[in-house]
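Working notes for the structure below.
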Amino acid sequence: MEFKSVLFLGIGGVSMHQLAIAFNSMGVKVYGFDVKASRYTELCEQNGIEVVHRFVPEYTHVDLCIKTGAIKSGKYIDRLKAVGCPIVDRAEALGWLCTRFKTVIAVAGTHGKSTTATLIYEILKSANMKVSCHVGADVYDARFEVGDDYLVVEACEYNKSFLSLYPKVSVVTNVEAEHLDSYGSLFNLRTAFFTFLKRGKKRFVYEEKSTEYLKKNKNINFVDIKSEKLLKNPRFNPKIKGEHNLKNIALAVAVTQALGVDEDTILKALNSFVGIPRRYEYVGVYGQSRVYIDYAHHPTEVRAFIDTFSSEASEYQIIFQPHTFSRTKILLKDFLSVFKNIKNLILYKEYPAREKAKDGMSAKDLYDRLKEINPNVKYCANATALEKNLGKNMHIAFVGAGDIDQIAKKIIKTN
């Protein structure tokens, strides 16, 4: 890629704003568009990037456009095509940036990739290595400096994005039915993961039922909780909770040990790691209730969170916001299984993201089906109704990958 100016469409995304700042740091003139202002667009502006929230014809006079996968059409796309400006997706731009680092460690998987990638980053940083990270979540004191020795990147499988990456170290946490709207079948999804994994010279996979099919390739380091001796060290005392996080830790230990990090440094980093935002994050109180938020949005993630959350409190309430219509429809049976025995459960209006109602099932549709097997479930279509149904003396968790975290914070703030 050779260019002097670039337009980012959807610059307010977690990944997009990081890429925009990185391009800006390389001396490229960066312009940005997003439908609304956010703390991410503010960060871009603080770094000298011009950001607008409307169509500005002058912004189409650029050498390249980088867009999010959610943007398919619009005034900017029409004008850019008319003037012959190249348009690429975020994943392709990330793949190109990765070539500017000596060693790329890419972490893929249906669940746990953000936490696993961040753990690897934190351990390498504790070892005083020159390391950057690009993770689809907020990371405390994150660094992204083009040209570092190492880059730890979260490799998202949506729309086959991770196939734009060619890492030296490839990591897979698990492979379950997800984003089938992009792949059409579980077979196609598994094939894509296999292709991604083979690209790494060093390959690490968490050993479980969902990854058994990857054993056909002999050059893979399979990891589990029992196999990592460091997790049995009496000095091992992590702050993050749940068996699912032990799996993430086991992978991070295996990868960083293979990169030469010593046991004492790894232990110190693991024991000081407080997690990443929206992963079992405590955000305040509502009445006498302690309130938490979590990013879980796939049935397996939700079940893992509830298992850990319920072990911490005798009385608890779950507010779940479905994320995308298609996921709700495709994984309906699994969602019903997860929620059928939850006593205090509220389903909140879905977060559609890039989709339309015709693409699947709404939160109300899920509620109607769930009501048949769990008469205690409630449905709320707005924040006002939600607040009226919140418990006053129990642990409360707002769960989902949409804007449910912001709704939770607003309710706490006005309480």
Side-chain angles (χ1 to χ4, degrees), residues 14-15 18 21-22 25 97-98 100-109 111-155 165 167-173 200-206 221 223-282 295:
V14 178
S15 173
Q18 295 178 54
I21 293 172
S25 71
L97 267 184
C98 285
R100 313 286 288 222
F101 294 83
K102 293 180 180 177
T103 298
V104 174
I105 305 156
V107 182
H111 331 291
K113 52 185 174 286
S114 294
T115 299
T116 303
T118 306
L119 280 163
I120 294 170
Y121 167 69
E122 293 293 343
I123 294 170
L124 296 181
K125 188 169 66 172
S126 294
N128 295 317
M129 294 181 174
K130 289 183 64 178
V131 57
S132 289
C133 72
H134 185 85
V135 178
D138 289 325
V139 176
Y140 301 113
D141 298 323
R143 170 187 172 93
F144 195 121
E145 294 292 334
V146 176
D148 272 354
D149 293 336
Y150 295 90
L151 171 66
V152 184
V153 60
E154 177 180 339
L165 305 176
K168 286 188 179 179
V169 181
S170 53
V171 184
V172 172
T173 60
K201 292 183 179 179
K202 295 183 178 180
R203 305 158 186 169
F204 297 84
V205 175
Y206 191 84
N221 297 290
V223 179
D224 63 26
I225 295 172
K226 295 179 181 179
S227 70
E228 286 308 318
K229 296 178 181 179
L230 188 143
L231 274 64
K232 300 179 180 68
N233 190 305
R235 291 185 292 144
F236 175 60
N237 185 29
K239 292 181 173 65
I240 55 178
K241 305 173 183 179
E243 183 178 354
H244 59 294
N245 275 322
L246 288 178
K247 295 178 180 180
N248 300 332
I249 289 171
L251 269 173
V253 169
V255 172
T256 52
Q257 283 183 332
L259 293 173
V261 183
D262 64 272
E263 185 172 299
D264 286 343
T265 299
I266 294 173
L267 278 170
K268 183 178 179 180
L270 292 178
N271 290 344
S272 63
F273 182 66
V274 295
I276 54 180
R278 290 188 76 175
R279 270 67 172 182
Y280 207 141
E281 180 185 2
Y282 171 72
Y295 194 73

How far apart are the C-alpha atoms of Glu145 and Ser132, what are their side-chain angles, what is the distance that settles it, and do they pass the side-chain hydrogen bond (donor to acceptor under 3.5 Å, both in side chains) test? CA-CA 6 Å; Glu145 294 292 334; Ser132 289; over 6 Å; no

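Considering every non-hydrogen atom in both Val223 and Ala250, the closest pair reads CG1-O, 3.6 Å. Residues Leu231 and Phe236 share a closest heavy-atom pair of O-CD2, 3.2 Å. Counting all heavy atoms, side chain and backbone alike, Ser170 lies closest to Pro167 at CB-CG, 4.1 Å. Closest approach of Ile276 to Ser114, counting heavy atoms only: CD1-CB, 3.7 Å.
Side-chain contact between Leu270 and Pro238: absent, with no pair of heavy atoms (C-beta onward) separated by less than 4.5 Å. Two residues are said to be in side-chain contact when any heavy atoms from C-beta on lie closer than 4.5 Å; Ile240 and Asn248 fail this criterion. Side-chain contact between Tyr295 and Arg279 is present, with heavy atoms from C-beta onward closer than 4.5 Å. Counting only heavy atoms from C-beta outward, the side chains of Leu230 and Leu267 approach each other to under 4.5 Å. Between Met129 and Asp149, every side-chain heavy-atom pair lies at or beyond the 4.5 Å cut-off. The shortest distance between side-chain heavy atoms of Lys268 and Asp264 does not fall below 4.5 Å.
Side-chain contact annotation: His111 with Thr173, donor-acceptor N/O pair under 3.5 Å absent.
Judged purely by atom type and a 3.5 angstrom limit, Lys125 has no side-chain atom pairing as donor or acceptor with the backbone of Tyr121. The backbone N or O of Ile225 sits less than 3.5 Å from a side-chain atom of Tyr206, completing a donor-acceptor pair. Remark: side-chain polar atoms of Thr116 are not paired, donor with acceptor, to backbone N or O of Lys113 under 3.5 angstrom. At distances below 3.5 Å, not a single donor-acceptor pair connects side-chain atoms of Glu122 with backbone N or O atoms of Gly275.
No salt bridge links Arg278 with Glu281; every basic N to acidic carboxylate O contact stays at or beyond 4.0 Å.
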